[in-house]
Amino acid sequence: MEDYQFVDGTRLSSVIESLIFASPEPISEEKICEIIAKGEENLGLETDAIEPFVDKLNQRYEENGLAFRIDYVAGGYTFATKKRYEPWLSIFQHENAYRKLSQSAIETLAIVAYKQPVTKPEVDDIRGVDSGYILRQLLEKVLIEVSGRLDAPGKPLLYRTTKYFLKHFGINSIDELPKPREIEEILKDDDMAEHRQFLFDRQLELKELQDKVEDDDTAETALSLIEAVEKIDEDEVEIPNLEEYTAEELLLDDDDEGEEESEDETNETEEQVDHESKEEE
């Protein structure tokens, strides 16, 4: 189909491009045709005509060396940067790491994705812990939604993944999720084994570094104790030289101590006698 030109000179390919660019989520071929038909009723645009226009746009982007293209995900078209720019984008995205899903959220999301529609008690039973808080987080991030209630006692809510979930993971349907058997094969892959070995070696390096730091702290403590002992040895401590005293002086000191003890005993005896005399009176 030739690139249709409107009265004002605007081309159909540019209109399709602008709709995809402005849409906050992947826009379907039906929606694009519906919007264009409202502005140009005589055009008669069919849904199968959108894809060739998108291919021409992507060809133009490639010829001009642009960093983005139009991808078909989650049942619609959306702009996305090319994979070759991932190393640079990962640096930028690292700054927004807080927005990433936690391990608990990933576990819960995987259960919903593979078991949907699924209830909270079923998720709790699989994880072994309460998942209410995590489910609320996933609802806030629009990765899951409530799809109804289970026809059972209590009428528990049913959860399923959303179109945003498909967009987030770059797939068109749940059927594109890897099967459990395929996941096992991926984990056994040589590249994955090499990656796991790299992580294991890295953990060993961190453990050795931590042990070295702890050993250095112990060495510093021991050194400080040695320095303290050496400091005591270096200090001048005045110790009396008994050889300078004569025998008479030493005995005199002993006699003085004996006299002081006798005086104390005499005072205690006099106080005891006075106390007894008062009691007799």
**OP:** Begin from the C-alpha positions of V146 and L158 and carry the test side chain to side chain contact (heavy atoms under 4.5 Å, CB included) through to its verdict.
**Re:** CA-CA 6 Å; V146 176; L158 289 168; 6.0 Å; no
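- Around the CD atom of E176, the shell of radius 6.0 Å holds more than 12 heavy atoms that belong to other residues, nucleotides or ligands.
- Closest approach of Y159 to K120, counting heavy atoms only: CE1-N, 4.1 Å.
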**OP:** Start with the C-alpha distance between L138 and T108, add both sets of side-chain angles, then the distance that settles side chain to side chain contact (heavy atoms under 4.5 Å, CB included), and finish with yes or no.
**Re:** CA-CA 9 Å; L138 295 176; T108 305; 3.9 Å; yes
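- Contact annotation: the side chain of R60 approaches that of S13 to within less than 4.5 Å [non-hydrogen atoms, C-beta and beyond].
- The shortest side-chain heavy-atom distance between F165 and L109 falls under the 4.5 Å cut-off.
- With a 6.0 Å radius and a threshold of 12 heavy atoms from other residues, nucleotides or ligands, N64 has its CG atom above the threshold.
- A distance of 4.5 Å separates OH in Y114 from CG in L177, rounded to the nearest 0.5 Å.
- Ionic pairing of E62 and R84 is present here: one or more N-O contacts between side-chain nitrogen and carboxylate oxygen are shorter than 4.0 angstrom.
- A 4.5 Å side-chain heavy-atom check between L166 and N172 finds every atom pair outside the cut-off.
- To the nearest 0.5 Å, atoms CD (E145) and NZ (K163) are separated by 10.0 Å.
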Subject >> Verdict with reasoning, D124 to V129, per side chain to side chain contact (heavy atoms under 4.5 Å, CB included) >> reply: CA-CA 5 Å; D124 294 344; V129 295; over 6 Å; no
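- Within a 6.0 Å sphere centred on NZ of K115, other residues, nucleotides and ligands contribute 12 heavy atoms or fewer.
- The backbone N or O of K31 sits less than 3.5 Å from a side-chain atom of S28, completing a donor-acceptor pair.
- Follow the hydrophobic side-chain contacts under 4.5 Å out from L135 and you never reach L150; the two are in separate clusters.
- The distance from atom CD1 of I36 to atom CG of L45, rounded to the nearest 0.5 Å, is 5.0 Å.
- Side chains of I50 and C33 form a contact here, defined as non-hydrogen atoms less than 4.5 Å apart.
- Take F21 and apply the ring pair (Phe, Tyr, Trp, His ring centres under 6.0 Å) test, not counting sequence neighbours, and it matches F79.
- By the neighbour-count criterion of 12 heavy atoms within 6.0 Å, atom CD of E63 is densely surrounded, having more than that number from other residues, nucleotides or ligands.
- Annotation for V123 and S131: closest pair CG1-OG, 3.6 Å, computed over non-hydrogen atoms.
- The minimum heavy-atom distance linking V118 with V112 is given by the pair CG1-CA, 3.8 Å.
- Contact of the T119 side chain with the L157 side chain is not registered, since no non-hydrogen atoms from C-beta on lie closer than 4.5 Å.
- At a threshold of 4.5 Å between side-chain heavy atoms, the hydrophobic network of Ile, Leu, Val, Met, Phe, Trp and Tyr places I16 and V73 in two separate groups.
- The nearest pair of heavy atoms linking V142 to Y164 is O-CB, 3.4 Å.
- Going from atom OH of Y72 over to atom CD1 of I27 covers 11.5 Å, rounded to the nearest 0.5 Å.
- Of the inter-residue distances, the one linking E30 atom CD with I35 atom CD1 reads 12.0 Å to the nearest 0.5 angstrom.
- I20 and L66 fall within the same hydrophobic cluster, defined by Ile, Leu, Val, Met, Phe, Trp and Tyr side-chain heavy atoms under 4.5 Å apart, directly or through other members.
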Subject >> Verdict with supporting geometry, E107 and S104, side-chain hydrogen bond (donor to acceptor under 3.5 Å, both in side chains) >> reply: CA-CA 5 Å; E107 292 175 359; S104 300; 5.0 Å; no
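- Connection of I144 to I171 is established within a shared hydrophobic cluster, with ILVMFWY side chains joined at heavy-atom distances below 4.5 Å, either directly or through further cluster members.
- With respect to D71 and R69, a salt bridge is recorded, a charged nitrogen being found less than 4.0 Å from a carboxylate O.
- For the pair A113 and I174, the tightest heavy-atom approach, listed with the atom from each and the gap, is O-CG2, 3.8 Å.
- Listed here is the closest heavy atom pair of K167 and A74: N-CB, 4.0 Å.
- For the salt bridge (charged side-chain N to carboxylate O under 4.0 Å, His left out) condition, no pair includes a residue of residues 12-29, sequence neighbours left out.
- Under the 3.5 Å distance criterion, the side-chain polar atoms of R149 are matched with a main-chain donor or acceptor of K155.
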**OP:** Show your reasoning for whether side chain to side chain contact (heavy atoms under 4.5 Å, CB included) applies to R127 and I111.
**Re:** CA-CA 9 Å; R127 297 190 62 230; I111 294 172; 3.3 Å; yes
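- Atom CH2 of W88 and atom OG1 of T81 lie 12.0 Å apart (nearest 0.5 Å).
- Atom OH of Y85 has more than 12 heavy atoms from other residues, nucleotides or ligands within 6.0 Å.
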